[in-house]
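What follows is one structure encoded as structure tokens, with my remarks underneath.
Below, chain A is the first sequence line, B the second, and so on; all start at residue 1.
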There are 2 protein chains.
Amino acid sequence: MSAQTRTRTFSIKEAAALTGLPASTLRYYESIGVVAPVSRSASSGHRVYDEDDLDLLTWVACLSATGMSVSDMRQYVANGAAGAAAAEQQIELLSAQRERLAREAERLAVRRRYVQLKVDYWQAVADGDDARATSLSEGARALADELKRTK
Amino acid sequence: MSAQTRTRTFSIKEAAALTGLPASTLRYYESIGVVAPVSRSASSGHRVYDEDDLDLLTWVACLSATGMSVSDMRQYVANGAAGAAAAEQQIELLSAQRERLAREAERLAVRRRYVQLKVDYWQAVADGDDARATSLSEGARALADELKRTK
DNA sequence: CCTTTGACTTCAAGTACTTGAAGTTCCTAG
DNA sequence: CTAGGAACTTCAAGTACTTGAAGTCAAAGG
């Protein structure tokens with residue numbers, strides 16, 4: 001029932017759509033060895049991705065999205081290929097990643113409030129409501145302080 | 001009471017600490033014209049930042065942190081200098097920024113769940129709990145799909 | 001059969017910083 | 001007054017991509 005689904009292959013465009021990474025980045029990651037060279041169509045020379053490639057790339061996409069360096073990703077992928085033996089190290093790498101994300105989330109929340117405040121500020125300026133503008137301006141300053149502390 | 005507080009000046013290191021931007025980035029932004037050349041100490045040639053500079057840089061830091069391009073920042077800063085007349089355009093720019101941030105927050109939330117799942121997965125592998133590992137692996141796949149949809 | 005369209009290919013250059021080297025200048029303590 | 005170290009300066013090179021140019025290949029329409 002799934003003999004053909006499991007062996008389906010994908011063009012670079014499809015792989016890009018499925019992993020969320022631009023095609024240019026897929027080529028780039030391959031060129032610098034983050035992922036192994038992808039097999040090619042014999043006739044056209046175009047890259048042909050299988051489902052295993054996609055699984056790996058989805059995972060790499062997640063790592064890169066969280067600010068992991070390409071050399072760390074290379075390392076991580078190598079570990080992943082080594083299998084369960086490297087589980088300990090995977091967990092370590094991932095926990096660091098998780099904390100990075102948590103901090104990122106905090107900073108992002110503050111930034112959102114900051115931007116909203118700035119929108120309100122300029123709205124007040126546009127409305128000629130100077131008192132409100134001044135008070136918002138002070139709020140922005142306070143938030144900017146908070147932003148710098150969370151960093 | 002605040003005659004001297006309002007005229008306080010800052011070194012590049014202090015400016016970096018207060019804005020959250022590395023000193024190298026402050027120099028870079030100046031070199032490419034995102035901000036106007038900062039005044040210098042007559043004796044040493046070192047940069048001297050005043051509070052207005054800091055306000056502007058804090059704001060630029062927020063814009064850059066949310067993914068605004070340097071040319072857009074340049075534009076934005078130019079508008080800011082023009083004052084209230086450009087309020088309309090500021091609001092437009094900022095609203096776009098706000099939406100970018102909202103999308104970013106969504107994606108970040110999914111990514112955090114994804115990483116947590118991967119931690120759990122490797123923990124299960126380390127524990128030899130194959131059934132749990134398989135089930136978590138499926139969950140990861142579902143989340144990866146979601147991640148790609150939110151993009 | 002030929003041409004055009006579109007997706008792919010590589011390679012070179014651009015973007016937004018970051019890092020490192022090499023050389024001042026400032027400050028503090030001997 | 002002078003030696004040392006921290007902090008500053010510029011400039012060049014590195015990083016992680018992204019974008020654009022120029023060419024190749026495959027299927028569809030005339």
Closest to the [X] side chain: [options]?
{"X": "B/Arg27", "options": "C/dT9, D/dT9, C/dT18", "result": "D/dT9"}
{"X": "A/Val70", "options": "C/dC17, D/dA16, C/dC26", "result": "D/dA16"}
{"X": "B/Ser43", "options": "C/dC26, D/dC8, D/dT9", "result": "C/dC26"}
{"X": "A/Ile12", "options": "C/dT9, C/dT18, D/dT9", "result": "C/dT9"}

Query raised in the report: When you measure from the side chain of B/Arg27 to the backbone N and O of B/Ile12, does any donor-acceptor pair fall under 3.5 Å?
Result: no

Query - A/Ala131 backbone acceptor or donor facing A/Ser135 side chain under 3.5 Å - result: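 Absent.
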
Using a 4.0 Å heavy-atom cut-off across all strands, classify [X] as base, sugar-phosphate, or nothing.
{"X": "A/Thr25", "value": "sugar-phosphate"}
{"X": "B/Ser64", "value": "nothing"}
{"X": "A/Ile32", "value": "nothing"}
{"X": "B/Ser24", "value": "base"}

**Report entry** Audit row: B/Met73, B/Ser64, side-chain contact (heavy atoms from CB on, under 4.5 Å) steps and yes/no
**Finding:** CA-CA 8 Å; B/Met73 288 195 287; B/Ser64 98; 3.6 Å; yes

Query raised in the report: Do you know which two heavy atoms are closest between B/Cys62 and A/Tyr114, and how far apart they sit?
Result: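 Distance-wise, the nearest heavy atoms are SG-CD2, 3.0 Å.
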
Distance in angstrom units between [X] [atom1] and [N] [atom2], rounded:
{"X": "B/His46", "N": "C/dT24", "atom1": "NE2", "atom2": "C1'", "answer": "7 Å"}
{"X": "B/Glu30", "N": "D/dT9", "atom1": "CD", "atom2": "P", "answer": "9 Å"}
{"X": "B/Leu26", "N": "C/dA16", "atom1": "CG", "atom2": "C1'", "answer": "15 Å"}
{"X": "A/Phe10", "N": "C/dC8", "atom1": "CZ", "atom2": "P", "answer": "14 Å"}

Query - Hydrophobic cluster membership, B/Leu21 vs B/Val48, 4.5 Å side-chain cutoff - result: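 No, it is not one cluster - the side chains of B/Leu21 and B/Val48 are not joined through contacts under 4.5 Å.
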
Could you tell me whether the phosphate oxygens of [N], OP1 or OP2, come under 4.0 Å of any side-chain nitrogen or oxygen in [X]?
{"X": "A/Tyr29", "N": "D/dA16", "result": "no"}
{"X": "A/Tyr28", "N": "D/dT15", "result": "no"}
{"X": "B/Arg47", "N": "D/dT9", "result": "yes"}
{"X": "A/Arg40", "N": "C/dT10", "result": "yes"}

Report summary line: By nearest-nucleotide position on DNA chain C, the 5'-leaning member of B/Met73 and B/Ser44 is B/Met73

Requested in this report: Let me know, please, whether B/Lys13 or A/Ser69 comes out on the 5' side of the other along DNA chain D by nearest nucleotide.
Outcome: B/Lys13

